[in-house]
Amino acid sequence: MFSKELRLAVEQAYLRAAAEAGWTAPVPAFAIERPKDAKMGDYAANIALQAAKPLHLAPRQVAERILLHLELSEDFAGAEIAGPGFLNFRLSQAFYPRVIDALLEDATAFLATDCEAGERILLEFVSANPTGPLNVVSARAAAVGDTLGRLLRLAGHDVLTEFYVNDAGRQVEMLARSILARREELLGRPCEIPEDGYHGDYVVELARGFQAQEPGDFEGQPEAERVEAVKAWALRQMEERRLRTLERYGVHFDNFFSEKSFRDRGGTEESVGRLKGHTYEAEGALWLRTTDFGDDKDRVLRKSDGEFTYFAPDIGYHDSKYSRGYTRAIDLLGPDHHGYVARMRAAMEALGHDPGSFEVLLVQWVRFLNHGEVQSMSKRAGEIVTIDELLDDVGTDAARFLFLMRSHDTPLDFDLALAKEESSDNPVYYVQYAHARIASILRQAGEFAARPDYSLLTSPEAEDLLRRLGQLPEEIRDAASHREPHRLTRLAMELAQAFHAFYNRNRVLGVEENLSAARLNLAKATQAAIGQLLWLLGVSAPERM
RNA sequence: GCGCCCGUAGCUCAGUUGGAUAGAGUGCUUGACUACGAAUCAAGAGGUCGCAGGUUCGAAUCCUGCCGGGCGCGCCA
């Protein structure tokens with residue numbers, strides 16, 4: 001929450017120094033950053049290093065001139081020149097009450113302090129085929145997408161989370177035919193599961209369920225109508241199961257977008273029509289000249305048999321994100337889809353959308369381990385295949401936290417044994433324990449002053465904790481703008497670590513009344529911050545464990 | 001062959017638009033509870049940031065080449 005005012009102060013100091021010394025170079029691009037080593041202060045600016053070259057001066061010399069003209073608010077204790085010419089700044093105690101009071105008043109608003117967002121974002125993730133239970137391969141994307149959505153919303157964006165339901169293609173047709181075949185089997189008639197059909201146990205379950213509910217004249221209907229009836233019924237069943245799974249997992253979608261209804265109302269034709277000028281006919285097919293927009297080769301929109309490719313309705317779907325009023329589309333895709341990004345971006349550009357407003361986050365694969373052994377995800381081996389089975393095994397809190405510990409663009413090893421372990425080895429418990437521990441202290445504390453004298457918080461552990469709390473708004477801003485929800489787990493762990501260290505060296509209860517009140521408020525503010533981070537992660541924040 | 005992602009401590013990984021002595025967890029060694037939760041804390045050991053060049057006052061970070069791993073390159077979805 002201080003980097004913004006610091007940047008302004010430094011810029012103004014530079015301008016005053018320039019006016020006095022006759023520098024003609026404008027304010028250079030420079031960074032306000034947090035040094036790794038606390039000995040170097042709380043913030044550092046490299047403006048002198050950046051300005052030295054255009055000014056033909058030594059960096060330290062520039063720094064000295066700037067320092068002369070620097071005017072800082074009372075939140076800062078002062079500034080000094082260090083190393084090759086960094087300006088280092090140290091916070092004063094004056095900011096303590098501002099941070100603690102703000103956190104206690106409204107932790108959400110506090111975390112959003114530095115965010116200046118306000119875009120309309122459509123965030124699409126998971127979008128798994130509706131032909132089976134949600135598979136564990138979607139679990140990571142579900143966790144990342146849901147938390148990213150919460151984070152972007154907290155940052156001030158108008159976010160719609162969306163699940164694209166591929167309910168139109170051959171896949172659901174096959175599901176319906178598979179169910180029908182199983183139904184024949186249940187009735188004791190000879191049958192054959194279609195070659196590309198679905199074989200999971202759930203298909204048998206569905207067949208049984210359908211048979212129990214099927215309308216009386218079902219047998220008399222023509223084949224095509226029967227398939228349609230089963231298809232519609234099966235899609236509703238899968239939707240219910242999907243919603244139950246997602247709810248257990250704490251994942252919320254604002255909208256489920258049906259490919260079928262989009263196609264039925266001519267959405268694909270409309271978007272393809274608007275691509276005119278970028279398309280051509282060749283070999284009986286309709287092609288989109290994506291190479292005009294950076295793709296490797298042109299892509300077919302409509303096959304020579306007159307059917308659209310998968311690409312065409314998908315262009316229409318993405319186009320609809322813009323026509324529905326969103327200015328930015330963010331997709332989470334598996335690494336097997338990365339070849340697809342360039343052509344979709346090309347299509348968006350051809351439609352007149354800013355290609356930069358279409359963002360794709362590739363969520364890399366997860367490898368499941370058990371005590372370090374790689375797990376095959378085969379049903380036959382009795383291993384975990386669905387998200388439900390994963391949640392049965394390790395629970396929502398551990399699953400979400402572990403998925404969000406790593407950057408989404410690196411492959412992840414997920415150790416099932418570790419996830420189940422309720423010990424300090426499991427980072428989710430480490431963070432939750434800090435939250436519960438504070439709850440326990442507050443239960444025992446009784447009444448205490450709401451606005452005590454925070455200048456009593458002088459221990460190194462208290463100061464470290466306060467600095468971390470004060471820096472949260474900047475961290476949140478960066479996590480949101482970089483689309484890196486995994487930073488939240490690190491922040492939560494660091495806060496928990498700072499609190500545990502504080503707790504071990506600073507008695508909160510049973511010390512002098514004013515000191516106790518100051519420490520209690522700090523603990524309570526920390527709890528609010530950890531609670532808010534856990535909420536963003538979709539992990540529960542227990543009062544007791 | 002071409003394209004994208006990745007390569008950091010024994011292991012799993014952080015590392016902010018290039019910044020100061022490269023960090024954390026885990027594992028290993030050692031210490032801390034007759035007062036707030038020991039699911040905790042403190043200390044120590046552990047590194048050729050895949051390799052080689054280049055740009056820069058400064059490179060784990062940017063550029064080039066090479067090595068290694070993953071994924072993709074259909075009128076499939």
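A note on names: the letters A, B, ... follow the listed sequences, proteins ahead of strands, and every chain is numbered from 1.
Distances shown here put a side-chain N or O of A/Q444 below 4.0 Å from the OP1 or OP2 atom of B/G37. Proximity of A/H482 to the phosphate of B/U17: a side-chain N or O atom is located under 4.0 Å from OP1 or OP2. Regarding contacts with the backbone of B/A14, a side-chain N or O of A/T410 is found under 4.0 angstrom from either OP1 or OP2. When the side-chain nitrogen and oxygen atoms of A/H486 are compared with OP1 and OP2 of B/G15, one or more of them lie within a distance under 4.0 Å. Considering only side-chain N and O atoms, A/Y503 lies under 4.0 angstrom from the phosphate OP1 or OP2 of B/A38. Between A/K297 and the phosphate of B/G3, there is no side-chain N or O to OP1/OP2 separation shorter than 4.0 Å. For A/K303, a side-chain nitrogen or oxygen approaches OP1 or OP2 of B/A77 to under 4.0 Å.
Of the P atoms belonging to B/U64 and B/U55, the separation is 15 Å, rounded to the nearest Å. If you take atom P in B/G23 and the same atom in B/G70, they sit 32 Å apart, rounded to whole Å. If you take atom P in B/C2 and the same atom in B/C49, they sit 29 Å apart, rounded to whole Å. To the nearest whole angstrom, the two P atoms, one in B/A60 and one in B/G18, are 13 Å apart. When the P atom is compared between B/U8 and B/U48, the two are found 12 Å apart, to the nearest whole Å. As rounded to the nearest Å, B/U61 and B/G7 have C1' atoms that lie 14 Å from one another. A gap of 26 Å separates the C1' atoms of B/A22 and B/G65, to the nearest Å. Annotation: B/C28 and B/C5 have their P atoms spaced 38 Å apart (nearest Å).
Judged by distance alone, with hydrogens and angles left aside, A/T309 brings no side-chain donor or acceptor close enough to the base of B/C75 to form a pair under 3.5 Å. Judged by distance alone, with hydrogens and angles left aside, A/H338 brings a side-chain donor or acceptor within reach of the base of B/G3, the pair sitting under 3.5 Å. For B/A77, its base never sits under 3.5 Å from the side chain of A/D336 at any donor and acceptor pair. The base of B/G18 does not come close enough to the side chain of A/E33 for any donor and acceptor atom to sit less than 3.5 Å apart. Side-chain atoms of A/D296 and base atoms of B/G3 include no donor and acceptor less than 3.5 Å apart.
The side chain of A/V508 approaches B/C36 more closely than any other nucleotide in the set B/C57, B/C36, B/A20. Closest contact between the side chain of A/R34 and the listed nucleotides B/U16, B/A77, B/C57 involves B/U16. In the set B/A14, B/A42, B/C71, the nucleotide with an atom closest to the side chain of A/R505 is B/A42. Closest contact between the side chain of A/R507 and the listed nucleotides B/C36, B/A14, B/U16 involves B/C36. Which of B/C41, B/A77, B/C71 sits closest to the side chain of A/P335 comes down to B/C71. Residue A/I441 places its side chain closer to B/G37 than to any other of B/C75, B/G37, B/A39. Which of B/A42, B/U17, B/U12 sits closest to the side chain of A/A31 comes down to B/U17. Considering only side-chain atoms of A/Q497, the nucleotide from B/C41, B/A39, B/A14 that sits closest is B/C41. The listed nucleotides are B/U12, B/A77, B/G15; the one nearest the side chain of A/Y310 is B/A77. Taking only side-chain atoms of A/R406, from C-beta outward, the nucleotide of B/A77, B/C13, B/G37 with the closest atom is B/C13.
No engagement by A/A342 is indicated, since no non-hydrogen atom pair under 4.0 Å with the nucleic acid exists. Within the nucleic acid shown, A/A282 comes within 4.0 Å of at least one base atom, counting heavy atoms only. Counting any heavy atom pair closer than 4.0 Å across all strands shown, A/L49 reaches a base atom. Among the heavy atoms of the strands lying under 4.0 Å from A/E283 is at least one base atom, whether or not backbone atoms are also near.
With both pairing distances under 3.5 Å, B/G44 is matched to B/C28 as a Watson-Crick or G-U wobble pair. Both distances falling under 3.5 Å, in either a Watson-Crick or a G-U wobble arrangement, place B/G65 opposite B/C51. Nucleotide B/A14 has no partner under the Watson-Crick or G-U criteria, as no pair reaches both atom distances under 3.5 Å. The nucleotide B/G3 finds its pairing partner in B/C71, both defining distances of the Watson-Crick or G-U wobble pair being shorter than 3.5 Å.
A distance-only check finds no donor-acceptor pair linking the side chain of A/R406 to the backbone of A/F403 [under 3.5 Å].
Annotation: A/F293 is in aromatic contact with A/H278 [ring centroid separation under 6.0 Å]. Not less than 6.0 angstrom separates the ring centroid of A/Y317 from the ring centroid of A/F262.
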field: Full working for side chain to side chain contact (heavy atoms under 4.5 Å, CB included) between A/L466 and A/Y454
entry: CA-CA 11 Å; A/L466 276 154; A/Y454 290 121; over 6 Å; no

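Stacking of the aromatic ring of A/Y433 onto the base of B/G37 is not found under the criterion of centres within 5.5 Å and planes under 30°.
Mapping A/Q364 and A/A496 onto RNA chain B by nearest heavy atom places A/Q364 at the nucleotide closer to the 5' end. Each of A/V511 and A/E259 has a nearest nucleotide on RNA chain B; the 5'-most of these lies closest to A/V511.
Applying the 6.0 Å contact sphere to CD of A/E119 captures more than 12 heavy atoms from other residues, nucleotides or ligands.
Per the geometry, CZ belonging to A/R299 stands 9 Å off P belonging to B/C73, to the nearest Å. Rounded to an integer number of Å, the gap from CD of A/E474 to P of B/U17 is 14 Å. In this structure, A/R437 atom CZ and B/A35 atom C1' are separated by 14 Å, rounded to whole Å.
Between A/E349 and A/R345, no side-chain nitrogen of the basic residue sits less than 4.0 Å from a carboxylate oxygen of the acidic one, so the salt-bridge criterion is not met. Using a cut-off of 4.0 Å between Lys/Arg side-chain N and Asp/Glu carboxylate O, A/R302 and A/E307 are scored as not salt-bridged. Salt-bridge check for A/E474 with A/R477: failed, with every basic side-chain N at 4.0 Å or more from each acidic carboxylate O.
Two residues are said to be in side-chain contact when any heavy atoms from C-beta on lie closer than 4.5 Å; A/T410 and A/S407 meet this criterion.
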